[in-house]
Amino acid sequence: MTKPPTANAREPSTAPPADGEYPFRYTARLANVIETRWQTYWDQHHTFVTPNPGDPGFDSDKPKFYCLDMFPYPSGVGLHVGHPLGYIATDILCRYKRMRGFNVLHPMGFDAFGLPAEQFAVEHGIHPRVTTERNIANMVRQLKAIGLSYDWGRCLATTDTSYYKWTQWVFLQLYNSYFDSAVNKARPISELREKKPDAVLAEHRLAYMAEVPVNWCPALGTVLANEEVTSEGRSERGNHPVYKRPLNQWMLRITAYAERLAEDLELVDWPEPIKLMQRNWIGRSEGAMIEFQIAPAMPGPPAQGPGSMKTIPVFTTRPDTVFGATYMVLAPEHPLVDQVTTDQQRDAVSEYVRLAASRSDTERQIDSRRKTGVPTGGDAINPATGEHIPIWIADYVMMGYGTGAIMAVPGHDQRDFEFAKQFGLPIIEVVKPHGVPTPGDSSDQAFTGEGTSINSANNEVSLNGLSTPQAKTTVTRWLESKGVGNAEVRYKLRDWLFSRQRYWGEPFPILHAADGRIVALDESELPVELPEMNDFTPHTSDDPDASPRPPLSRAPDTWKYVKRDGGRFERELNTMPQWAGSCWYYLRFCDPHNADRFVGAEAERYWMGERGIDLYVGGAEHAVLHLLYARFWHKVLYDLGHVSTPEPFGHLFNQGYIQAYAYTDERGIHVDSEKVIEQDGGYFFEGRAVSRSLGKMGKSLKNAVSPDDICEQYGCDTLRLYEMYMGPLQASKPWNPRDIIGLHRFLQRVWRLAVDEQNGNPAVRDEADPTVESQLHRTIARVEQDIERQAFNTAIAALIEFMNIATTAGGLTRDQLHRFVLILAPFAPHIAEELWCKLGHKESLAYEPWPAFDQAMLTENFIELPVQLGGKVRAKLTVPADASVKQIEAAALADAKVTSLLAGKTVRKVVVVPGKIVNIVAD
RNA sequence: GCCGGAGUGGCGGAAUUGGCAGACGCGCCGGACUCAAAAUCCGGUGGAGGUGAUACUCCGUGUGGGUUCGACUCCCACCUCCGGCACCA
C-alpha cells in the first residue's frame, strides 16, 4: 500500500493567535495550532514506533500489551465520528499503558479488498487500486488528526501484494492439510498421502472444491456465504434476491473445527452474549443416529439379498421418543426419494419435488408455518416397534442439516405434530410430563419437554418409567447393540464457502489442468498478483440460472494460462472473499515487513504471548463472521505449528454504536441530516416537514458527522474527550453536538488554570492547598481505576471534578500541575504535551511514569454517616473514620435529631455498616 | 416464536460488593462583568407540597408483586425499545 503520508504539517505559526485581550486563550484556533505541532512532533520523533524483540531500543524486561482495533474498510467518504469511538478508547489505554511501563503494540491497517471499490471502479472506470490508495491516504490523515498513537510504521492494507502473498500462503496451508479426527487437529496432507490415492485426498483437505448448493446472487454476479445472506433470503450487501443452486466452488472445512471452536470459547475473556452468539451459530446438539430400514415394496420375503437392505439414517436429539415415531420425512432433495417412491405416487412426488426446488428460500420463509408434503407410498420400519411407518417428503425438512431425513414423532415435536394433524397421521404419546398427569388434553401442542417415558417397550428393552436422560442413554445403548444406531453430536455450522466471482480480492494460488486436476502452486511461486484489467464488470443478471462468469475470465491470456511440465494450466478465476484478509492481519502486525515468513517466530511469540491479543476492540456486528473465521484460521496455523496460542483474541471488548438523529420525508426516504432545521418543535428539510428517528450513524441514514468538522470547531482533544464522555464504551448512545461545548470548556479551564492568557507563561502558585493535594491523590486513584476497567466517561468526570476544586482553591503548584498534566495526557494528549512543554520539559511525556498516589491521602479522619430510621435518611452523623460499630451505634442513638424522632418508640434493631450507613428499626 | 442487552431528571449519563438515587456534563433560571452582546466567572436546578427566606413533609430509577433493617441493584410476572437466530430434527 501507500506509505502513510508524512504529516500534513502546515508549520504551526509562531505568533500567538489574536483573540482580543486574551491572545493565549484556549480556543479552537489555538487548539488546532497545538495539535498540529504535536502530531508533527510525534511523527518526526518516531515517538510511537514500537521496536520488536531483537530491534535496537527493545526492552525485554517490560511486559507486553497488544491492543488492537478492528481495522476499517477504506471507504470513499472517509470516517464519521462513530468510527474513532473505539480507536480513541484503545488510544487512551495504550497511552496509559506506556506510562505504566508496558511495551505497547498498537497498530492500524485497512481491510481494503471488497465490493465498494470494485463497484466504484465499474461505475467510474478508475482502477480499484487507485481509489483504495486514495481512500487510505485520506483516512490515515483523519486518524492522525485525532492524535491516535499508532505505530504507523506497521500500517498495512490487505490489498498490498506483500500482504496478500501471505494470505495466499495461509490458503496453501489449508489446502495442504487435513483434519485428523483421531487427534482432533490439522496435519499436513503429506502424512496422509502415503496411505491414500490422490482422488481421496481431496475429500480430506481443509480447502477443497465441491459441487454444493450455494447462495447465488445474480444481481451481484457472485455467490455468498451463508453468513452473508439475511433471514429473508437476500444479500446482506445490497439486499438483492439470493437463490440456492449447485455450483462447483471452493470450500473451507470449518466444520472439522466446530467442536474446538465451541469449546475453546472457555479459554477467552469475551462478553458472554458474544460467546453465546458463536455457540448458537456453531449449534452443537447431542443425540443419536438411528437407521430406519426401508420396508420391501412387495409383500413377501423381506430381502432379496444382503445388498438390497437399504436403510435411511436419521439424526435425532430425542432418541428416547423413537417408540413414538409414526412416520418418516425426507427432504425433497434427498437422494433416496426416488427409490422409496411407489409407482402410484411417482407423479405426485416429482411434482412436489419440482415445486419445492422452484421455491426460493424467501418463499419458504414467508409461510414457514404452513406444512406441505406428499406421501412417497413407501414404508420404513421403526427399529424400536418393528412397525411399518409411511415415508413422506416435505420441505420442512432441510437437506442441509442432519441427514436430510427425520423420524417424525408428532407426540413430542411441534413441527411433526402440526404436520400429523394436517395429514391425519397417528400421534402416540411416549413421554409424560413430570408431576401432573398430562394437564388437560393438549390438542394443539406437542409436549416437547423432558419427562418420563411411557408406551416405550419391546421384547428386548423398556424405557417405561425412565426419565428422559435415562431413556436416551438406555435406548441408544440398545440401538448400538442392535447395530442400528449410535450416539452422535451434530453441528449447525456448515463449511465455509470461500470463493467469489469478483475482481478485487486475493487470487487463489491454484491451477486447473485440462483433465480437471487441481494443482496448488508452490510457496516459492507466490504471490499470484491480480492481473491489470480495465473492465471489472461482473456478469450480473436477473436470471437465477445464468452461469457465473467471474471478471478474471477476461484477464489476459498471459495471466490466465500457465505452462508447466509441457502442459497448459488455467489459473483459478475466482477470488477469495473479503473475510480472508482480516483472518490473520493481527499476526502480520507483529512483524509487518518480514519478507521470508508470514510473521517472524520470535515476534509472534512475544506479542501474541500466552493468551494472544490483550485487548481487541470492535463492534458486535462481527460476533459470528470475522471472529469465527479468524479463530478457525488461527487454530489451523496453531495445529501446524506456525503460531503459539490456541486462540488469537484473549480479551474482546465490544464498543457500542454512535447513533444520530435521522430524518425521513413523507415518502420515507432519508434526507441529509445536515440540511434539516428545527422550527417550532418540528423538523423541516427544504421547507417540507420531516420526521425524526434515532439510528446508527452512517451513510445509509444520511446522518454521518465528520470528525474533521468537529476538530476544526473545537480541536481534536475536545472531540476525544466528548466521545469518551458520552457514556460507557459498550453502550450505544446518541451524538448530541450541543454537549460538546462542555468538554471544550473543561480544557479551557485547564489551560487557564495553568497558563496566563495574556502572555502564555505558566501560571502556578507556590504553596500547595492541602485539600487540593488530597483531592489530586484521590483523582489519580480514580482515573487509574477507571481506565483499567474501561470506564472512560467516569475517569473524565473525575478529572473535571478535580479541575473544579482546583479552580475554586485558586490554582495548582508546579508539582501538582505536573501530575495533573500526566493523568490528563491519555485523554487529551496534545494540550497535555503543550503544558508539559511549558513546564520546561524538552521531551514528550508519552513515556513518563504514571504519577503515584498515597493511599493514606485517600482516607479521611472523620466521615459523615447517614442515619436511617425505618429505611429513610433522617440524620447525618460525623464520626472518626476508625470508629467501632459500638461507638457508631452509641453516637447515632445519642444524636439529638434521632432521639427526638425516636421519642415514644422502642428500638428493635440497629444496623451499623461502618463507613456506609446506620439504620435504626423502631416501632 | 426462541436467545441476548437495555429502560434512572428537560437531555447524555453516575451510583465498583444490597447501604445517602441523580456524580459529572449539557440545557434552563438567576447574578457578576459589559453602553450592549458574545465569551468568561459565581450561584440555583428530580417532582409535588410547605415557608418571609430557612426548616420540614410526601412522592420518585418502565409496570405489578416479593425477599431484606435497607432494593436502581436480588427473585417472580408483565410492558416497551435495541441486537441476534429462526421449521436445525
Side-chain angles (χ1 to χ4, degrees), chain A residues 19-22 25 27 231 271-277 279-281 283 285 287 314-318 321 329 364-365 368-371 394-398 400-409 413-416 418-419 490-494 620-621 623-624 654 656-657 659 694-696 721-722 725-728 730-743 745-746 748-749 752 757 782 785-786 789 791 793-794 796-801 803-804 807-808 864-876 908-913 915-922:
Chain A
D19 189 28
E21 51 188 320
Y22 300 114
R25 174 159 286 182
T27 58
S231 54
E272 264 328 299
I274 301 295
K275 286 191 183 184
L276 200 65
M277 279 163 75
R279 284 204 188 93
N280 289 343
W281 191 263
S285 50
V314 302
F315 176 72
T316 175
T317 53
R318 293 295 299 271
T321 62
V329 184
R364 271 168 87 146
Q365 295 289 345
S368 63
R369 288 283 148 205
R370 220 184 67 233
K371 298 281 183 292
D395 68 359
Y396 83 92
V397 174
M398 317 279 144
Y401 185 76
T403 61
I406 60 156
M407 64 172 205
V409 185
D413 180 286
Q414 188 58 28
R415 295 153 300 178
D416 298 344
E418 285 162 16
F419 191 82
R490 288 271 159 164
Y491 297 93
K492 216 157 63 172
L493 185 70
R494 318 282 168 83
E621 69 271 22
V624 283
N654 289 119
Y657 297 124
Q659 302 168 304
L694 202 59
K696 183 182 170 188
L721 285 172
Y722 172 62
Y725 192 66
M726 290 170 75
Q730 64 273 24
S732 290
K733 52 243 155 186
W735 180 257
N736 192 347
R738 201 176 65 179
D739 292 344
I740 303 173
I741 187 72
L743 285 304
R745 280 184 198 147
F746 163 62
Q748 238 172 17
R749 293 169 64 154
R752 187 177 304 118
E757 291 187 311
R782 276 175 71 184
Q785 229 168 51
D786 285 351
R789 65 185 181 107
N793 52 334
T794 49
I796 293 169
L799 291 169
I800 296 173
E801 276 181 68
M803 190 38 47
N804 292 343
T807 305
T808 311
E864 194 182 61
L865 280 187
V867 180
Q868 293 186 337
L869 276 157
K872 290 184 199 303
V873 178
R874 297 296 165 160
K876 299 274 167 111
R908 297 282 169 211
K909 190 174 181 181
V910 180
V911 181
V912 177
V913 184
K916 294 283 187 189
I917 207 161
V918 180
N919 195 1
I920 301 169
V921 188

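Per chain, numbering begins at 1; letters A, B, ... match sequence-line order. Basis for what follows: all heavy atoms, side chains included, without hydrogens, waters or symmetry-related copies. Source: prediction; values computed, not measured.
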Toward the 5' end of RNA chain B, by each residue's nearest nucleotide, A:Val921 or A:Tyr725: A:Tyr725

Earlier contact from the 5' end, RNA chain B, for A:Phe315 and A:Met726: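 In this pair, the answer is A:Met726.
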
Runs of at least three Watson-Crick or G-U pairs with RNA chain B, cut-off 3.5 Å: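 Stem list for RNA chain B: B:1-7 with B:79-85, B:10-12 with B:24-26, B:27-32 with B:40-45, B:46-49 with B:56-59, B:62-66 with B:74-78.
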
[X] [atom1] - [N] [atom2] separation (whole Å):
X: A:Met803; N: B:C41; atom1: CE; atom2: P; answer: 12 Å
X: A:Arg494; N: B:A86; atom1: CZ; atom2: C1'; answer: 13 Å
X: A:Gln730; N: B:G83; atom1: CD; atom2: C1'; answer: 15 Å
X: A:Tyr657; N: B:G5; atom1: OH; atom2: C1'; answer: 13 Å
X: A:Arg25; N: B:A38; atom1: CZ; atom2: C1'; answer: 11 Å
X: A:Glu272; N: B:G4; atom1: CD; atom2: C1'; answer: 11 Å
X: A:Glu801; N: B:G22; atom1: CD; atom2: C1'; answer: 13 Å
X: A:Met277; N: B:C85; atom1: CE; atom2: P; answer: 6 Å

Given side chains that start at C-beta, do those of [X] and [Y] come closer than 4.5 Å, heavy atoms only?
X: A:Asp413; Y: A:Ile406; result: no
X: A:Asp739; Y: A:Met726; result: no
X: A:Asn793; Y: A:Pro728; result: yes
X: A:Tyr396; Y: A:Glu418; result: no

Check every atom of [options] against the side chain of [X] and return the nucleotide holding the closest atom.
X: A:Lys733; options: B:C87, B:G13, B:C20; result: B:G13
X: A:Ile917; options: B:G19, B:A14, B:A89; result: B:G19
X: A:Leu276; options: B:C3, B:G25, B:G13; result: B:C3
X: A:Val911; options: B:C87, B:C20, B:C69; result: B:C69
X: A:Ile741; options: B:C42, B:G84, B:C26; result: B:C26
X: A:Thr794; options: B:A15, B:U40, B:A21; result: B:A15
X: A:Met398; options: B:G12, B:A89, B:A21; result: B:A89

For [X], enumerate each residue passing the side-chain hydrogen bond (donor to acceptor under 3.5 Å, both in side chains) test, keeping only those at least two apart in sequence or located in another chain.
X: A:Asn804; value: A:Arg749
X: A:Gln730; value: none
X: A:Arg738; value: none
X: A:Thr317; value: none

N or O in side chain of [X] less than 4.0 angstrom from [N] OP1/OP2:
X: A:Ser285; N: B:A89; answer: yes
X: A:Lys909; N: B:C69; answer: yes
X: A:Arg745; N: B:C26; answer: yes
X: A:Asn804; N: B:C24; answer: no
X: A:Gln868; N: B:C20; answer: no
X: A:Arg752; N: B:C41; answer: yes

Gap in Å between the two P atoms, one belonging to B:G4 and one to B:A77, rounded: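 Comparing P positions in B:G4 and B:A77 gives a spacing of 13 Å.
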
Euclidean distance for C1', B:C85 against B:G9 (whole angstrom):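 The same atom, C1', in both gives a distance of 37 Å.
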
Listed partners of A:Asn919 passing side chain to side chain contact (heavy atoms under 4.5 Å, CB included), at least two apart: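 By the side chain to side chain contact (heavy atoms under 4.5 Å, CB included) rule, A:Asn919 matches A:Gln868, A:Val911.
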
Ring pair (Phe, Tyr, Trp, His ring centres under 6.0 Å) involving A:Tyr722 - partner list, sequence neighbours excluded: A:Trp735

All ring pair (Phe, Tyr, Trp, His ring centres under 6.0 Å) counterparts of A:Tyr657, not counting sequence neighbours: none

Where do N or O atoms of nucleotides 7-10 of chain B meet protein N or O atoms at under 3.5 Å, pair by pair?
residue : atom : partner  : partner atom : Å
B:G10   : N2   : A:Arg738 : NH2          : 3.2

At under 4.0 Å between heavy atoms, what does [X] touch on the DNA or RNA strands: base, sugar-phosphate, or nothing?
X: A:Arg749; result: sugar-phosphate
X: A:Arg490; result: nothing
X: A:Val913; result: base

Mind listing the N/O atom pairs, protein and nucleotides 43-50 of chain B, below 3.5 Å?
none

Listing time: all N or O pairs from protein to nucleotides 55-58 of chain B that are below 3.5 Å?
residue : atom : partner  : partner atom : Å
B:U57   : OP1  : A:Arg874 : NH1          : 3.2

Shortest non-hydrogen separation from A:Arg490 to A:Gly402 and the atoms involved: NH1-O, 3.3 Å

Name the pairs: protein N/O against N/O of nucleotides 16-18 of chain B, kept only if under 3.5 Å.
residue : atom : partner  : partner atom : Å
B:U16   : N3   : A:Gln785 : OE1          : 3.2
B:U16   : O4   : A:Gln785 : OE1          : 3.1

